Amino acid sequence: MTKIEIVNGPIGFFSNDNSRQQDGAELVFNGHVRATEYGEKITALEYEQYEGMAKTELTKLSEDTVKKFFIHDLFCKHRIGRVDVGETSLHVVIWSKHRKEGLDAMTWFISELKKRVPIWKWAILNDGTRIPSECSHE
Amino acid sequence: MTKIEIVNGPIGFFSNDNSRQQDGAELVFNGHVRATEYGEKITALEYEQYEGMAKTELTKLSEDTVKKFFIHDLFCKHRIGRVDVGETSLHVVIWSKHRKEGLDAMTWFISELKKRVPIWKWAILNDGTRIPSECSHE
Amino acid sequence: MIKVTIKCFSQVKYAFGKDELNLELETGTSTLELENIIREKAKGKLDTVSLRIALNQKYIPIQTELKDGDEVAFIPPVQGG
Amino acid sequence: MIKVTIKCFSQVKYAFGKDELNLELETGTSTLELENIIREKAKGKLDTVSLRIALNQKYIPIQTELKDGDEVAFIPPVQGG
């Protein structure tokens, strides 16, 4: 199963779940905004999305990931709008029987997200300037 | 930095931290007890440790991991005693600049933990029997 | 003639200072021809930016003839996460 | 003669039904000789179990002569996580 949310405002984490009988591995990734973007000091990032398409692509990607790696569930929240340094911009939870498929799925999911989901970062510099954050995939 | 705890009773998760300026990636692994152990239905596992040595080995392993993968912090809690199906037996948090080193570090850390930290599982079957859980590393 | 809407994001938005462009084009204009028009309009600001094309909110792998009412986006390298 | 304490875990504990064994051994007994003694005492119950040796709470890679007061554990495959 997949759950996808694109949220404007702080991310509420998916809640704990001790009721699962067959999922031995719960893997969580939280992406946080760092104080430097391409060598430049920033105070925040502003995430911009292609409304509609971002949600569609993220949903499709999640479903692809669940099928490709035989994991049970993938939940993902991506924040848009202003995200201050230190705060969480991306929250992904993967449930699987064993850890290996969860780790592989997480690696692939985030790497694909950074290739195909139409979301962009604007750097907000210390002087208040707002510019598209250079560059792309890591 | 590393923090290691071996706890007898439910694991309290390490708390959120939005104050970090340079850690873009927070990776969390929670190992949960599954309802089947080697094909046998169980109601719980009971984790046994070699008191003293388990803590020493886990601490050494955490420090090895931080050095080997250039991650910033590794926090780990391992539960011992009875852990019911669904509950968390292992909680690991890794903070790193980028996700890649965090994912690699998590993969290695758990795999080594399952080789060298003297902790064992006893399966508690539906009829109350308590037997050493067969087998070893995945 | 056909009318198309161009959604602008990131460096495309920065180049034009607009969220959206509305253009009238010759019937039969392709997505690739539109990309050239857009790059020209940007007066060099998009020369170093690689762009993928989304037509009606879907990536398209090859050039396609545009139709009246189409929504087009020239997608700079994405940066989610 | 020397006295050593053997800590028992998992399948070793199950085989002996005890947390700990206290043995008197000939001076000069090695860890490997002690392993053989233990395997024999287990009457076949440990024949299929691979055991690593921890001497005074540290894994040791090669056999070592035991000293009076040593704490020894024969470590079955570990299962943390």
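This is a predicted model, so every value here is computed, not measured. Residue numbers start from 1 in every chain, and the chains themselves are labelled A, B, ... in the order their sequence lines are given, proteins ahead of strands.
- For Glu51(A), the CD atom is loosely surrounded, since the number of other residues' heavy atoms within 6.0 Å does not exceed 12.
- Closest approach of Val117(A) and Val78(C) over heavy atoms only: O-CB, 3.2 Å.
- Within a 6.0 Å sphere centred on CZ of Phe13(A), other residues, nucleotides and ligands contribute more than 12 heavy atoms.
- Aromatic ring pairs are classed by plane angle as parallel below 30°, tilted from 30° to 60° and perpendicular above 60°; the pair Tyr50(A) and Phe9(C) is tilted.
- In terms of heavy atoms, Arg52(C) sits closest to Arg116(A) at NH1-CA, 4.1 Å.
- Taking 4.5 Å as the limit, every side-chain heavy atom of Trp122(A) sits out of range of all side-chain heavy atoms of Gln79(C).
- Contacts between residues 75-96 of chain A and chain C, defined by a heavy-atom separation under 4.5 Å, are made by His78(A), Ser89(A), Leu90(A).
- Residue Ile110(A) does not touch chain C at all, counting heavy-atom pairs closer than 4.5 Å.
- Side-chain atoms of Trp120(A) and Lys13(C), non-hydrogen and from C-beta on, never get closer than 4.5 Å to each other.
- For Gln57(C) against Gly52(A), the heavy-atom pair with the smallest separation is OE1-C, 3.4 Å.
- Minimum interatomic distance between Pro118(A) and Ile75(C) (heavy atoms only, all atoms of both residues): CB-CD1, 4.3 Å.
- Proximity to chain C (any heavy atom under 4.5 Å) is restricted, for Glu57(A), to the side chain, taken from C-beta onward.
- Neither the backbone nor the side chain of Glu46(A) has a heavy atom closer than 4.5 Å to any heavy atom of chain C.
- Rounding to the nearest 0.5 angstrom, the gap separating the CD1 atom in Ile131(A) from the OG atom in Ser10(C) is 10.5 Å.
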